[in-house]
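Note that the numbering runs from 1 along the sequence shown for the chain.
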Amino acid sequence: MIEEPAMIDEPKQAEVGLMKAIVRDRFGSPDVLQLKEIEKPVPDDVRGVLVKIYASSVNPADRYDVNGMSFPLRLVLPLFRMGVGVRRPKVPQVGTDIAGTVEAVHSNVTQFKPGDEVYGAGFHGYAEYAVARENRLALKPKNRSFEESAAVPIAGFTALQALRNHGHIQPGQKVLINGAGGGVGTFAVQIAKSFGAEVTAVTNTQNLDLVRSLGADYVIDYTKEDFTKNGQRYDLICDIASIHSPSTYKRIMNPNGIGVIVGFRDKVIRRLIYFVIQKLFSRGDKKFKFFVAKSNQEDLVTLKDLIEAGKIVPVIDRRYQLSESAQAMKYLVDGHTRGKIVITMDHDDTSVSSGTEKWR
């Protein structure tokens, strides 16, 4: 009897249909965000993975994508190839961070199949579905929920690349993280500890216990103490809060120290101009770096490994339904976020990964 050859599964094709998504047709306050039904995206030869999204998260870059750019940012962001509109949005949707299950794939996708639980950077994540490049997704951490996994990508990329790629962090170094209680900061504290550094975390009174629980060796309440005047010196400064000048940081850096400037806060605009002529700040043995984080699969895998090893626990401040995205953005704009803000999608099914809902 001749056995028939096993059938090879064909890549599942996306079904044409509608989905709920957050859109805006102009720049402005978070009130411009509206929930509408639009056409569900279809994977193609570039963005080859269609993801059924169970959670997304809010990032400061999303804020600028909603309210547009001020004049200085219009001049500077093109230097970093930021694909945002100047007068009006280039596309109506917003959002990047996603976590969910693979719904369908293009024929050229080899790493993922329908049903895989993934997380990463998608093309417009405030929606029920999004397409993504294969190399900007990874299998989600097994010990974390979709909500927790969605909190990781952009903030995790930023913290990891700031410390490892640009700060060249080494075991035993004295590292100061200014803005340790926010989305990037909570990851930066934990990542720095995973590298074996001695971490000083600067945050407000409300977040002191939080950053201690994340492993910070020393905690400074900036409302009560000016850390630039306490006599301490650091090998690496990761500045997320953007409240001090490079010249101020130079005074508290050890020889061969590195300062990494992170974030898109308004006060960083003047620094962007400075960093166009970065050599002025990098004379001598103390260097300063400014960068825009890059999404990539390798770092998603690194973050996944750290999370599964228990070295990183995503911190979620608040959760909002997709229909409440405007409120989520308003909360971000208020500037008192502890960790990340997550947006959840209700697909009326039971296939959601439970993971765990705790941080330390």
Give, for atom CD1 of Ile261 and atom SG of Cys238, the distance between the pair rounded to the nearest 0.5 Å.
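Rounded to the nearest 0.5 Å, the CD1-SG separation comes out at 8.5 Å.
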Just how far is it from atom OG of Ser56 to atom CG of Leu322, taken to the nearest 0.5 Å?
9.0 Å
Of Ile177, Ile220, Thr228, the residue whose pairing with Val202 passes side-chain contact (heavy atoms from CB on, under 4.5 Å)
Ile220
Set out, in order, the CA-CA distance, both residues' side-chain angles and the distance that settles side chain to side chain donor-acceptor pair (under 3.5 Å) for Arg233 and Asn254, then state yes or no.
CA-CA 6 Å; Arg233 298 290 183 270; Asn254 286 325; 5.7 Å; no
Looking at Asp31 and Lys330, does any basic side-chain N land under 4.0 Å from a carboxylate oxygen?
yes
Charged N to carboxylate O below 4.0 Å: is that the case for Lys294 and Asp299?
no
Report yes if some heavy atom in the side chain of Ile38 is under 4.5 Å from a heavy atom in the side chain of Leu18; otherwise report no.
no
Going by heavy atoms in the side chains, are Pro314 and Arg144 under 4.5 Å from each other?
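Sidechains of Arg144 and Pro314: in contact.
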N/O donor-acceptor pair under 3.5 Å between [X] side chain and [Y] backbone:
{"X": "Asn165", "Y": "His168", "value": "no"}
{"X": "Glu324", "Y": "Gln321", "value": "yes"}
{"X": "Arg24", "Y": "Pro92", "value": "yes"}
{"X": "Gln297", "Y": "Glu134", "value": "yes"}

Side chain to side chain donor-acceptor pair (under 3.5 Å) between Asp97 and Asn59, worked out:
CA-CA 8 Å; Asp97 290 344; Asn59 293 291; 2.9 Å; yes
For residues 118-129, the side chain to side chain donor-acceptor pair (under 3.5 Å) pairs (sequence neighbours left out) are Asp62-Tyr126
Could you check His106 against Asn108 for side chain to side chain donor-acceptor pair (under 3.5 Å), going step by step and ending with a plain yes or no?
CA-CA 5 Å; His106 189 268; Asn108 65 3; 3.1 Å; yes
Any chance the side chains of Thr101 and Lys52 put a donor and an acceptor closer than 3.5 Å?
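There is no such pair (donor and acceptor under 3.5 Å, judged by atom type) between the side chains of Thr101 and Lys52.
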Could you tell me if Asp317 and Thr337 have a donor-acceptor pair between their side chains, going purely by distance under 3.5 Å?
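Their side chains do not contain a donor-acceptor pair, so the 3.5 Å distance test is not met.
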Glu308: side chain to side chain donor-acceptor pair (under 3.5 Å) partners, not counting sequence neighbours:
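By the side chain to side chain donor-acceptor pair (under 3.5 Å) rule, Glu308 matches Lys304.
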Classify the angle between the aromatic ring planes of Tyr320 and Tyr331 as parallel (below 30°), tilted (30 to 60°) or perpendicular (above 60°).
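Geometry flag for Tyr331 against Tyr320: tilted rings.
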Any residue meeting side-chain contact (heavy atoms from CB on, under 4.5 Å) with Gln232, in chain and number order, not counting sequence neighbours:
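For Gln232, the residues satisfying side-chain contact (heavy atoms from CB on, under 4.5 Å) (neighbours in sequence not counted) are Asn230, Tyr234.
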Here's one to test your reading of the geometry: is the NZ or CZ of Lys140 within 45 degrees of the ring axis of Phe146 and under 6.0 Å from its centre?
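Checked: cation-pi criterion met.
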